[in-house]
Asker: 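Quick one: the structure is below, questions incoming.
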Number of protein chains: 2
Amino acid sequence: MSEERISTNLRKGVLEYCVLALLSQGEKYGLELADALTARELIASEGSLYPLLARMRENGLVEPRRETSDSGRPRRYYAITEHGTEQLATFTRVWTSLAAQVDALLEGPR
Amino acid sequence: MSEERISTNLRKGVLEYCVLALLSQGEKYGLELADALTARELIASEGSLYPLLARMRENGLVEPRRETSDSGRPRRYYAITEHGTEQLATFTRVWTSLAAQVDALLEGPR
DNA sequence: ACGGTAACCTTGTATAGCAAGACTTGCAAT
DNA sequence: ATTGCAAGTCTTGCTATACAAGGTTACCGT
């Protein structure tokens, strides 16, 4: 029951950069991102993703492009911007450092 | 400028269990915890810690004990409870799994 | 025409960390 | 004594994020 709560809080602030990491491998559209993140258990529902994408667009981290259907309904593809790439690099530094501290604490005194 | 913001969000949901990890090595009082966490860059100020300790007490994760001064002003020592120990174990599982996913994403496709 | 489904988006809510500072207590100079 | 300083605890107001639940639009097969 509380495993969910733990996950939820852990995801805060990580999700944004996981999206950037995925986009750094190439453009993706909303549901495609949602599926990739769900498979990795990094989101619990699309309700987290779309508001996040909107924020990221406002902050200039991603650039949306509308692709009107070759088949199926139109999709909105997102590409990472230069600014987004920089932010991803910064995050990687911060994450690596923090994760090392947490790992050390969890392992306890040698 | 935004490195702070990244850290802030990353800490959410981690801090609580870092406190438990520290307490699993023995009782500690407020400022002692604050110093340990600050040294590891896991908090930015005591303003995060005291409300957290209060929440953790309400949730039965820690048990406070008032120690009236042997020397210096009285301190409130916190000990981890059995429930706290269980929660720490659960967190460790969740954290390990999530951290692995994030690391994999940051390293990108092999 | 009609149901299904892919894709996208919105609303409301709970929660966690933070900055800044208030308050209390003991100790040390003067 | 009195003043000042530092250790220790706690409070207030704020912002931001993930989530559940549901709603909307467009395409497709039958």
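It should be emphasised that the depicted structure is a prediction, and the values quoted were computed from it without experimental measurement. Proteins get letters first, then strands, A, B, ... in listed order; numbering begins at 1 in each. The figures that follow rest on heavy atoms only: side chains count, while hydrogens, waters and symmetry mates do not.
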Asker: Check whether any side-chain nitrogen or oxygen of B:Arg55 sits under 4.0 Å from OP1 or OP2 of C:dA16, and answer yes or no.
Answerer: yes
Asker: Taking side-chain contact (heavy atoms from CB on, under 4.5 Å) as the criterion, tell me which of B:Asp35, B:Ile80, B:Leu33 meets it with B:Lys28.
Answerer: B:Leu33
Asker: Look at atom CD of B:Glu32 and say whether more than 12 heavy atoms of other residues, nucleotides or ligands are closer to it than 6.0 Å.
Answerer: yes
Asker: Taking the side chain of B:Glu46 as its heavy atoms from C-beta onward, which of C:dC8, C:dC18, D:dC10 lies nearest to it?
Answerer: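 Nearest listed nucleotide: D:dC10.
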Asker: Between A:Ser45 and D:dA20, is there a side-chain N or O to OP1/OP2 distance below 4.0 Å?
Answerer: yes
Asker: Under 4.0 Å: is that the gap between some side-chain N or O of B:Thr8 and OP1 or OP2 of C:dG17?
Answerer: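 False: B:Thr8 side-chain N/O out of range (4.0 Å or more) of C:dG17 OP1/OP2.
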Asker: Would one find a side-chain N or O of A:Arg11 under 4.0 angstrom from OP1 or OP2 of D:dC19?
Answerer: yes
Asker: Using the side-chain heavy atoms of B:Pro74, tell me which of these nucleotides is nearest: C:dT25, D:dT17, D:dC19.
Answerer: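 Nucleotide nearest to B:Pro74's side chain: C:dT25.
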Asker: With no hydrogens and no angle check, is any side-chain donor or acceptor of B:Arg11 less than 3.5 Å from a backbone partner on B:Glu41?
Answerer: yes
Asker: Return yes when atom CD of B:Glu86 has more than 12 non-hydrogen atoms of other residues, nucleotides or ligands closer than 6.0 Å, and no otherwise.
Answerer: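 Yes.
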Asker: Taking the side chain of A:Tyr50 as its heavy atoms from C-beta onward, which of D:dC10, C:dA7, D:dA18 lies nearest to it?
Answerer: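 Of all the options, the side chain of A:Tyr50 is nearest to C:dA7.
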Asker: Would you kindly give the OH-to-C1' distance between A:Tyr17 and D:dA18, to the nearest whole Å?
Answerer: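 Computing the A:Tyr17:OH to D:dA18:C1' distance gives 15 Å.
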Asker: Rounded to whole angstrom units, what separation is found between the CG atom of B:Leu33 and the P atom of D:dC10?
Answerer: 12 Å
Asker: Taking the six-membered ring for Trp, are A:Phe91 and A:Tyr17 parallel (under 30°), tilted (30 to 60°) or perpendicular (over 60°)?
Answerer: parallel
Asker: Does A:Arg5 place a side-chain N or O at less than 4.0 Å from the phosphate oxygens OP1/OP2 of C:dA16?
Answerer: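 Looking at the OP1 and OP2 atoms of C:dA16, one of them is under 4.0 Å from a side-chain N or O of A:Arg5.
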Asker: Counting the atoms with a prime plus P, OP1 and OP2 as sugar-phosphate, which does A:Tyr78 contact under 4.0 Å by heavy atoms, base, sugar-phosphate, or nothing?
Answerer: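 Here A:Tyr78 touches the backbone only, sparing every base.
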Asker: Consider the side chain of B:Lys12, meaning its heavy atoms from C-beta on, and name the nucleotide among D:dG8, D:dA16, D:dC19 that approaches it most closely.
Answerer: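 Within the option list, the nearest is D:dA16.
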Asker: Quick check: on DNA chain C, is the nucleotide nearest B:Ala44 upstream (toward 5') of the one nearest A:Pro51, or the reverse? Name the residue that is more 5'.
Answerer: A:Pro51
Asker: From C:dC18, C:dC8, D:dT17, pick the nucleotide closest to the side chain of B:Asn9?
Answerer: D:dT17
Asker: I'd like to know if B:Arg65 pairs up with B:Glu63 as an ion pair, taking the criterion as any Lys NZ or Arg NE/NH1/NH2 lying under 4.0 Å from an Asp or Glu carboxylate oxygen.
Answerer: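 Here B:Arg65 does not pair with B:Glu63 in a salt bridge, since their nearest N and O are not under 4.0 Å apart.
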Asker: Tell me: CZ of B:Arg75 to C1' of D:dT9, nearest whole Å?
Answerer: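 It is 12 Å, rounded to the nearest whole Å.
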Asker: Of all the choices, D:dA7, D:dT11, C:dC8, which nucleotide is nearest to the side chain of B:Arg73 once you look at every atom?
Answerer: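 Nearest listed nucleotide: D:dA7.
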Asker: Without decimals, in angstroms, what is the distance between A:Arg66 CZ and C:dC8 P?
Answerer: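 That distance rounds to 8 Å.
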Asker: Does anything in residues 20-31 of chain A come within less than 4.0 Å of DNA chain C? Heavy atoms only, and list the residues if so.
Answerer: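 A:Tyr29, A:Gly30, A:Leu31, in order of number.
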Asker: Among residues at least two apart in sequence or on other chains, which ones pass ring pair (Phe, Tyr, Trp, His ring centres under 6.0 Å) with B:Tyr78?
Answerer: none
Asker: Atom CD1 of A:Ile43 to atom P of D:dT17: distance rounded to whole Å?
Answerer: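 Taking atom P of D:dT17 as the reference, CD1 of A:Ile43 is at 16 Å.
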Asker: For B:Arg93, check salt bridge (charged side-chain N to carboxylate O under 4.0 Å, His left out) against everything at least two apart and list the hits.
Answerer: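 Result, salt bridge (charged side-chain N to carboxylate O under 4.0 Å, His left out) vs B:Arg93: A:Glu3.
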